[in-house]
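Lettering of chains follows the sequences in order, A, B, ..., and the numbering in each one begins at 1.
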Protein chains: 2
Amino acid sequence: MVTIKDLAKESCVSVATVSRVLNSSGYASRDVKRRVLEAAAKLDYKPNEVARALNTSRSNIVGVLVPDITNPYFPKVIRGIEDAAIRNNYRVIIGNTDHDAEKEMKYLEIFRQNNCAGIISATWSVSREHRADSRPLVLLDRVVENHISIESDNLKGGRLQAEHLIESGADKVLVVKGSSDYSSFNNRALGAEESLKAHKTGYDTLPYAHLEQMPDEARENFMLKFGGIICPNDVTACKVLKFLATRNIPVPGRVKVVGYDNLDFSEYVHPGLTTIEQPAYDLGSNAFDLLMALAAGEAVESRIMDVKLIRRQST
Amino acid sequence: MVTIKDLAKESCVSVATVSRVLNSSGYASRDVKRRVLEAAAKLDYKPNEVARALNTSRSNIVGVLVPDITNPYFPKVIRGIEDAAIRNNYRVIIGNTDHDAEKEMKYLEIFRQNNCAGIISATWSVSREHRADSRPLVLLDRVVENHISIESDNLKGGRLQAEHLIESGADKVLVVKGSSDYSSFNNRALGAEESLKAHKTGYDTLPYAHLEQMPDEARENFMLKFGGIICPNDVTACKVLKFLATRNIPVPGRVKVVGYDNLDFSEYVHPGLTTIEQPAYDLGSNAFDLLMALAAGEAVESRIMDVKLIRRQST
DNA sequence: AGATTGTGTGTAAACGTTTACACAGGTGAT
DNA sequence: ATCACCTGTGTAAACGTTTACACACAATCT
């Protein structure tokens, strides 16, 4: 491994000077600068990030916490973070928490042990434990008092879902709910209910978990009471679509279905899934930008990103 | 941050002794052991991984290279790696290479700068550049001479696809090919063709890229020449399914479709996709185990994992 | 002329570990 | 009694950086 010492020897200056030239901090004469830079190029010098992190107590690694990378919503978000990170010469360590507070804490500890520069978290119980830690933190898709967060406009998304169904002529609507642990799911349902009430459209709500455990016969009968179904995300919507197809219930003829997320494969199911697009990738890259601003001590504000309706054949 | 020095002070021994106790290396009296361990518990000491990595020139981070985490096949693999890593007190840094050799090199450099313990790579051009590096390397889903690799049995998978179609009574079969840059895709097609020949079943092959750019009319007519379609992966299969549904071609009545991967959503498309399941998660965790064995200097051999047919309604 | 300021460079400490080496005391064999 | 060896502990160097501090010299100001 070629170190700063090799450069010092090669260019006949001290390591301090080399460091200063490389980081453009402090003074250096034209000639010395040239010599150091040439030596660095000649020896193909790359600074050791570990040594740097040790010295400055701050690595260029950011920790990212997600419930489960296997959930198809997250890869895009992560890719957004990763790309932004690399552009800024940062790396990303991902932790899957499985909604488990203990795993979260374990990862937080790991991030600390690695002198991570900051944390982006899409899971829920962090904030309390995080208080002991002074590392910058950006919350993704969940809002907690006194923390910077970034999310998409879930209320609006919910409203769009409902309005679209109403416009498409659905008489009575079923609002399928996601896990109530997440503010994002709650807000989507809230937005939808708000619109349905405003338009005086009849509706019912039901957590997906309940729907799933109903026997097929009962589930079919229950669903047939509605002309439109609002789902908390596309995965759920696809399961609903699948069920309806299996029971030979025409979509959108008999019942219309609208999802949320606009996952890649929502385009490929049949009928194509009408859904709300959230800018998953941008959510990730903006989260990273916020984190950097935070780390730089800038005044930053939480951000809400816009969503839009994607019309397809399921409505 | 509580350091080894604090422990030394607290338990009235030198830092060297503390380090030895903590790592169970070298001697230590019963009493000293107890005092150090108690101090560590009392102060909630966690070793700083950066300092350790600097000293030993080996961090407990492994680098993972994938083409694109957004490709739905990879999250499972990565999750497998991640879980195995955490179990062994390792962390994972992921790099998306987008099949770009330059990005690969950049990530390899980054891994080096971070004193990474090893590399798991699912991309193609690494091996040549890697030679300068002595870091342990495990190749995933691709085989290269003189490198340890792990993959699923693509030849067998291809055979299973073909045999199943033949059994289901498909007269003539279309083998849709994936990118020829990947040995995995090539082997799948090879296995399929092998079986088709053995059973004297007529077939044709076509890269998916070609299929995709045909006008709808022509594509329909072309597809209707076959009773069965073999796809290189589930994403492709879903696109094909979608096209057939749009053109009102009955599946499996008129044409049967078989995919490869058994992604989560393959169960939720309609009709449910018959496919080959590869153990993505286990591929990942086994890759990590191989890497550890390699790093420990053990003699390890490349591994091939079994695949199996998942029957659903598309055939 | 002397004081002040700006520029350029080196010395050495620090970050938090691990580990080679030295040394001391105890045990058992000769 | 001498030697060898094992056990237990401390000192200090090393890993590759950054940076506080000191110093030297030149230019500018009074």
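- Partners of B/Phe74 under the ring-ring contact (aromatic ring centres under 6.0 Å, His included) rule, at least two apart in sequence or in another chain, do not exist in this structure.
- Listed by chain and number, the residues in a salt bridge (charged side-chain N to carboxylate O under 4.0 Å, His left out) with B/Lys46 are B/Asp44 (sequence neighbours excluded).
- Residue contacts shown for A/Val13 are limited to sugar-phosphate atoms, with no base heavy atom under 4.0 Å away.
- One can place NZ of A/Lys5 at 8 Å from C1' of D/dC15, the figure rounded to the nearest angstrom.
- Taking atom CG on A/Asp6 and atom P on D/dC15, their separation rounds to 11 Å, with Å as the unit.
- In terms of modelled atom types and a separation under 3.5 Å, the side chain of A/Asn88 and the main chain of A/Tyr90 share no donor-acceptor contact.
- When the side-chain contact (heavy atoms from CB on, under 4.5 Å) test is applied to A/Ser59, the partners found at least two apart in sequence or on another chain are A/Ala53, A/Ile61, A/Asn115.
- Rounded to whole angstrom, the span from the CG atom of A/Asn55 across to the C1' atom of D/dA20 amounts to 12 Å.
- Among the nucleotides C/dT18, C/dC15, D/dG16, the one closest to the side chain of B/Thr56 is C/dT18.
- With sequence neighbours left out, B/Asp31 forms a salt bridge (charged side-chain N to carboxylate O under 4.0 Å, His left out) with B/Arg34, B/Arg35.
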Determine all donor-acceptor pairs shorter than 3.5 Å in which one atom belongs to a side chain in residues 79-86 of chain B; sequence neighbours excluded.
unit_1: B/Arg79; atom_1: NE; unit_2: B/Asp83; atom_2: OD1; d: 3.1
unit_1: B/Arg79; atom_1: NE; unit_2: B/Asp83; atom_2: OD2; d: 3.4
unit_1: B/Arg79; atom_1: NH1; unit_2: A/Asp68; atom_2: OD1; d: 2.9
unit_1: B/Arg79; atom_1: NH1; unit_2: A/Asp98; atom_2: OD1; d: 3.0
unit_1: B/Arg79; atom_1: NH2; unit_2: A/Asp98; atom_2: OD1; d: 3.4
unit_1: B/Arg79; atom_1: NH2; unit_2: A/Asp98; atom_2: OD2; d: 2.7
unit_1: B/Arg79; atom_1: NH2; unit_2: B/Asp83; atom_2: OD1; d: 3.4
unit_1: B/Glu82; atom_1: OE1; unit_2: A/Tyr107; atom_2: OH; d: 2.7
unit_1: B/Glu82; atom_1: OE2; unit_2: A/Tyr107; atom_2: OH; d: 3.4
unit_1: B/Asp83; atom_1: OD2; unit_2: B/Tyr281; atom_2: OH; d: 2.6

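- In the region residues 16-41 of chain A, proximity to DNA chain D at under 4.0 angstrom, judged on heavy atoms, holds for A/Ala16, A/Ser19, A/Arg20, A/Asn23.
- For B/Asp306, the salt bridge (charged side-chain N to carboxylate O under 4.0 Å, His left out) test picks out B/Lys156, with sequence neighbours left out.
- Regarding B/Asn115, its CG atom lies at a distance of 18 Å from the P atom of C/dG16, rounded to whole Å.
- Taking atom CG on A/Leu7 and atom P on D/dG16, their separation rounds to 13 Å, with Å as the unit.
- Every residue meeting the ring-ring contact (aromatic ring centres under 6.0 Å, His included) condition with A/Tyr182, not counting sequence neighbours, appears here in chain and number order: A/His99.
- Applying the side-chain contact (heavy atoms from CB on, under 4.5 Å) test to B/Leu54 and every residue at least two apart in sequence or in another chain returns A/Val50, A/Ala51, A/Leu54.
- Across the helix from C/dA1-D/dT30 to C/dT30-D/dA1, the helix axis at one end is tilted relative to the axis at the other end by 50° (nearest 10 degrees, each axis from five pairs).
- Listed pair A/Thr3 / D/dG16 fails the phosphate criterion, with no side-chain N or O lying under 4.0 Å from OP1 or OP2.
- Between the side chain of B/Arg135 and the main chain of B/Ile119, no donor-acceptor pair closer than 3.5 Å is present.
- Nucleotide D/dC15 holds its C1' atom 14 Å from the CD1 atom of A/Ile4, rounded to whole Å.
- Checking C/dT18, D/dG10, D/dT17 against the side-chain heavy atoms of B/Val15 singles out C/dT18 as nearest.
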For nucleotides 24-27 of chain D, which of its nitrogen or oxygen atoms have a protein nitrogen or oxygen under 3.5 Å away, and what is each distance?
none

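- If you measure from atom CZ of A/Arg112 to atom P of C/dC15, you get 19 Å, rounded to the nearest angstrom.
- Computed from coordinates, the B/Arg58 CZ to C/dT19 P distance equals 12 Å when rounded to whole Å.
- Note on residues 48-62 of chain B: pairs passing salt bridge (charged side-chain N to carboxylate O under 4.0 Å, His left out), not counting sequence neighbours, are B/Glu49-B/Arg91.
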Query raised in the report: Should B/Glu109 and B/Arg112 be marked as a salt bridge (Lys or Arg N to Asp or Glu O under 4.0 Å) after you check the CA-CA gap, both sets of side-chain angles, and the distance that decides it?
Result: CA-CA 5 Å; B/Glu109 194 54 57; B/Arg112 208 187 326 250; 3.6 Å; yes
